Amino acid sequence: MPELPEVEILARHLAPLLAGRTIRAVDVRRARVLAPTSVGELERALLGARFLSLTRRGKFLRFQLRPRGGRAPFGLLGHLGMTGRMFLQPASRPLPKHAAVVLRLDRSTFVFEDPRQFGRLTLDLGALTRLGPEPLAKHFSPAYFAVALQRSRQAIKVKLLDQALVAGVGNIYASEALFRAGVAPRRPASRLPLPQVNALHRAVRRVLAEAIACGSTLPLDFAGTGRRDGHFYYGRAEGTPDYYAERLMVYDRAGEPCRVCATPIRRCVQAARSTFYCPRCQRG
DNA sequence: CACCATGTTCCTTG
DNA sequence: CCAAGGAACATGGT
């Protein structure tokens with residue numbers, strides 16, 4: 001379940017569980033999620049290798065492993081696509097229906113499941129080179145943002161989804177950030193006045209940081225036993241309130257009253273994706 | 001049956 | 001060169 005905050009929470013959760021663990025068996029059930037790596041290549045690289053670290057970059061998960069025999073560490077790149085999940089489960093538990101890659105460790109099993117198979121788990125790290133700056137890092141400065149937006153006449157909402165501009169913003173947080181900044185989603189990027197650019201820069205960081213903070217405090221079911229899903233995207237741990245949905249100001253709220261001015265939230269389609277906005281609060 | 005879906009890439013058209 | 005639109009990937013939910 002993937003936008004930057006969800007991937008960040010997952011990385012923080014998995015990193016200490018995986019560090020130092022050795023891969024005893026590799027079971028690829030959906031070879032397409034490895035592309036362009038082949039099943040044989042993955043098996044050769046991972047068998048007997050040990051997890052060193054796990055970090056996030058944009059919506060990607062970067063695993064560092066040390067191969068069997070102590071040669072130089074190598075990278076493994078994960079992406080959750082739309083429906084991917086990664087978790088550890090007891091070695092004895094049956095695998096989920098859509099398990100795509102299964103790594104047997106000692107006494108537990110790492111599972112990458114993905115019904116739609118839009119996700120990836122691959123030795124090809126090439127996708128990372130096409131990413132723009134991390135939105136929560138210094139490199140993502142108001143000046144950088146302003147210059148980048150000036151060069152594009154694309155609608156600002158569409159531009160926010162461009163991973164080469166800034167890495168990790170997806171369809172939900174793009175709408176949320178625009179609302180926080182009071183910016184109309186269809187305004188061309190180059191037509192944003194500087195104060196709006198700065199407001200949007202702040203809003204992107206704030207929306208993402210708040211989502212990470214929220215995810216850090218929720219009782220998440222990473223083991224994947226929950227009914228809807230184990231993360232905090234739409235789902236929640238069993239028996240807990242749905243804090244997450246209430247945090248969203250506009251996403252998936254078409255027709256419902258704006259939480260600020262009570263005007264009905266609208267939905268429009270841009271680049272074949274839904275955009276949600278308040279026509280009164282977002283006139284910039 | 002219809003339509004929608006957190007992502008990315010490729011292709012066509014203007 | 002740019003932007004917009006659509007399709008593709010494959011599956012599930014409502």
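Since the model is a prediction, treat every value here as computed from it, not as a measurement. Heavy atoms only: backbone and side chains are in, while hydrogens, waters and symmetry mates are out. Chain letters run A, B, ... following the sequence lines, proteins first and then strands; every chain starts at 1.
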Phosphate contact ([N] OP1 or OP2) by [X] side-chain N/O below 4.0 Å:
X: Ser152(A); N: dC2(C); answer: no
X: Arg120(A); N: dG7(B); answer: no
X: Gln154(A); N: dC2(C); answer: no
X: Arg32(A); N: dC9(C); answer: no
X: Lys97(A); N: dT11(C); answer: no
X: His98(A); N: dA10(C); answer: no

Next item on the list: Round to the nearest Å and state the distance from Tyr173(A) atom OH to dG7(B) atom P.
Entry: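 Value for this atom pair: 10 Å.
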Notebook entry, point to check: Atom NZ of Lys59(A) to atom C1' of dG7(B): distance rounded to whole Å?
Noted result: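 Lys59(A) atom NZ is separated from dG7(B) atom C1' by 6 Å.
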Check: Picking from dT11(C), dT6(B), dA10(C), which would you name as closest to the side chain of Arg30(A)?
Finding: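 Taking heavy atoms from C-beta onward, the closest nucleotide is dT11(C).
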Notebook entry, point to check: To the side chain of Arg153(A), which of dT6(B), dG7(B), dC2(C) is closest?
Noted result: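 Side chain of Arg153(A) sits closest to dC2(C).
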Which donor-acceptor pairs under 3.5 Å do the side chains of residues 117-126 of chain A make with protein atoms, sequence neighbours left out?
residue	atom	partner	partner atom	Å
Thr122(A)	OG1	Leu34(A)	O	3.1
Thr122(A)	OG1	Thr37(A)	OG1	3.0
Thr122(A)	OG1	Asp124(A)	N	3.0
Asp124(A)	OD1	Gly126(A)	N	3.0

Check: Is any N or O donor-acceptor pair between the side chain of Arg116(A) and the base of dA5(B) shorter than 3.5 Å?
Finding: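 Side chain to base: pair present.
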Notebook entry, point to check: In which ranges does DNA chain B form stems of 3 or more consecutive Watson-Crick or G-U pairs, distances under 3.5 Å?
Noted result: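 Correct response: B:2-5 with C:11-14, B:7-14 with C:2-9.
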